[in-house]
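Scroll down for the structure; my scribbles are underneath it.
Here is how names work: the chains are called A, B, and so on, in the same order as the sequence lines, proteins then strands, and each is numbered from 1.
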Amino acid sequence: MTQITLHNSRTRRKEALAPIDPADVRMYVCGPTVYDRAHLGNARPVVVFDVLFRLLRHVYGAGHVTYVRNLTDVDDKINARARALQEGGDGRDLNAIIRTLTDETIGFYHADMKELGALRPTHEPRATDYIPQMVAMIEGLVAKGHAYAAEGHVLFAVDSWRAGYGKLSGRAVEDMVAGARVEVAPYKRNPMDFVLWKPSGPDEPGWDSPWGRGRPGWHIECSAMSHALLGESFDIHGGGIDLMFPHHENEIAQSCCAHPEGDFARVWLHNEMVQVDGKKMSKSLGNFFTVRDLLDQGWPGEVIRFVMLQTHYRKPMDWTEAEAERARKTLEGWYRLTEGVPAASLPSPQVIGALAEDLNTPAALAALHDLATPETAEALKASVAFLGLGCAETSDWYPRPRVSLETSGHYGVRAPGTLPEDLVNALGSTAARFLDLYADAKAKKDFTRVDALKARLKSLGVETAISRRDGKPCVELTAHRALSEGEAVQLRHEAEGEALK
RNA sequence: GGCGAGUUGGCGGAGUGGUUACGCAGCGGAUUGCAAAUCCGUGUACAGGAGUUCGAAUCUCCUACUCGCCUCCA
């Protein structure tokens, strides 16, 4: 069995993964707060941990991995956004707006992440479906002396767990208190104490609790939901490195104090940030663009995924159009090579080996380059698919409708399932006419008419490529987009053409 | 101020003590009406300094620079 090695942020070392139960490898990854479309930075952990999910399924079996990624649908940012919508003229009450906003955002999230080739996790719990579990966990923490109620809030007392608090992020409570730049609420016993539960105003989302009507603090949902779905000990916890403190530190404090019999998460993985011009992409800096922005600009989702995989997850990643263009060309080359070739039953051992070594995706892509030969196209195809990139037959951007025609009369249509029959016929006839013109032009050494036809086809969105097969000319016409009614008529006109002199 | 990560050729990016990474771009060539695609060949690197070692991109120390967290964040 392949041995997976991962860099555990908790120990700052690479460690061999030894699942608690190989028949049920359990992973939790922090998901989005759903109030806005996912930007590229939000997408990185989705892609990174999707690769890990695929690797775990490969090694331990598809039915032996449980992957949980939460949807945080209760949060002050959501409330703020909903209020803004209200002030902008939405007459409904706040809770109704919030429900619509979160539902819609979850829909966007799923659609956008699907474009990136990410599999759906095993479970995607919504925080609002786990309020009772959160309340129960908080009650337990209060009972054990790890939390206290104050002015309608419940706070975690970091002084009750000084032995463990700060271990993950390598911080001392004293240092953080000394360096704090934020005003401290007067009811906190220690400035580092954080909110487990807070009171809600009458119009805000709220649930009844022993401390009055309120809502959970930021960190508790991950502790409650990971416990509910994965138990008090599980294998892997992932998220962006900016979550290491305070979010993950606080999760650990809550979970370990509520369930001291368990280990909580054994291996912690943190992906580095996406950068723009050398600076972290973030909403507060305003230098972000969404996945949807890139898709709308015409970048296929798998090109975005490829660019992400080109950078190791523990290094900052830059999005540049130059890199995206290279990725697109590389994928095109691989698709050309694998089109119509059956995929091998298993991905290449080199690819698996690279991924098993702390998710070395750049090395995995390098292994793919090595496989990019006609002799190894079957392995290439299986490996490309394993990484969550498309393959020629299923990718919706590469095998654009196109036909090829040789002078021998051999006639080939690619992607027939997606190509309307009349367009096939029009392209085929045009290809035949092109070959006639071409043969005539070669004989006369005058390519004027051929070039004119190429130009007209290009204006219809149809690219012309001439190659040779067995020494004979072969023309390939590729429609880069769906043709409008008018363009289709013009194409048929080209097919009929004027008579050759 | 505290803590942490990083600095590899024109660009991207592997590589943790000793043999070409790889890709893109460039250059030369084959093929080619043009173009595309394909094929062959090819140069350039380890931030700076000191140390350990027979030998360092790889280990140690120092310096410089970049970035992140400490406030919502993926």
Side-chain angles (χ1 to χ4, degrees), chain A residues 7 9 12 14 29-33 35-36 38-49 69 72 75-77 80 166 169-183 192 218 238-249 270-275 278-285 288 307 309-318 320 322-327 329-330 332-333 336-337 354 357 360-370 372-374 438 441-448 450-451 454-455 458 463-468 471 473-476 478:
Chain A
H7 178 90
S9 333
R12 288 151 211 273
K14 281 191 192 177
V29 173
C30 289
T33 299
Y35 66 103
D36 203 359
H39 69 241
L40 200 61
N42 298 305
R44 168 118 100 141
V46 173
V47 170
V48 165
F49 294 106
R69 187 180 61 205
T72 297
D75 183 275
D76 289 353
K77 291 190 294 295
S169 53
R171 295 151 196 267
V173 172
E174 293 74 17
D175 292 345
M176 290 188 283
V177 171
R181 295 189 241 146
V182 206
E183 208 173 314
M192 294 314 296
W218 173 29
I241 195 167
D242 54 340
L243 294 181
M244 188 188 255
F245 188 90
H247 183 57
H248 291 160
E249 198 70 60
H270 290 99
N271 63 275
E272 254 292 350
M273 301 290 97
V274 171
Q275 301 190 337
K279 293 281 181 195
K280 171 183 168 180
M281 174 182 286
S282 74
K283 294 204 171 149
S284 52
L285 292 176
F288 69 96
V307 170
L309 296 182
Q310 258 184 323
T311 304
H312 184 90
Y313 77 94
R314 285 192 290 115
K315 289 197 170 180
M317 181 212 124
D318 248 313
T320 63
E323 274 311 307
E325 186 53 34
R326 281 177 212 175
K329 282 186 176 163
T330 301
E332 273 186 5
R336 220 177 347 256
L337 202 55
E357 191 62 40
N360 194 338
T361 51
L365 291 178
L368 257 43
H369 283 296
D370 285 343
T373 71
Y438 185 66
K442 283 201 86 153
K444 292 178 181 163
K445 301 246 190 281
D446 175 9
F447 292 87
T448 317
V450 170
D451 288 338
K454 267 168 86 168
K458 186 164 189 174
E463 290 286 341
T464 310
I466 301 158
S467 60
R468 253 142 215 82
C474 170
V475 64
E476 188 172 275
T478 304

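- Nucleic acid contact for A:Glu325: none, since no nucleic acid atom lies under 4.0 Å from a heavy atom of the residue.
- Residues passing the ring pair (Phe, Tyr, Trp, His ring centres under 6.0 Å) test with A:His312, sequence neighbours excluded: none.
- On a pure distance criterion of 3.5 Å, no polar donor-acceptor pair joins the side chain of A:Lys329 and the base of B:C24.
- The salt bridge (charged side-chain N to carboxylate O under 4.0 Å, His left out) search around A:Asp451 returns none, not counting sequence neighbours.
- In this structure, A:Met244 and A:Ser169 approach most closely via the heavy-atom pair SD-CA, 3.9 Å.
- Nucleotides B:G41 and B:C46 place their P atoms 26 Å apart, quoted to the nearest Å.
- Nearer to the 5' terminus of RNA chain B, by closest-nucleotide assignment, is the contact made by A:Ile241 (compared with the other of A:Thr33 and A:Ile241).
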* Asked: If the sugar-phosphate is the primed atoms plus P, OP1 and OP2 and the base is the rest, what is the B/S/- string for nucleotides 10-15 of chain B, using protein heavy atoms under 4.0 Å?
  -> -BSSSS

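- A:Tyr313 comes within 4.0 angstrom of nothing in the nucleic acid, heavy atoms only.
- No engagement by A:Val48 is indicated, since no non-hydrogen atom pair under 4.0 Å with the nucleic acid exists.
- Take the nearest nucleotide of RNA chain B for A:Met281 and for A:Arg12: the residue whose nucleotide is more 5' is A:Arg12.
- Among the heavy atoms of the strands lying under 4.0 Å from A:Ile466 is at least one base atom, whether or not backbone atoms are also near.
- Within 4.0 Å (heavy atoms only), A:Lys283 reaches no atom of the nucleic acid at all.
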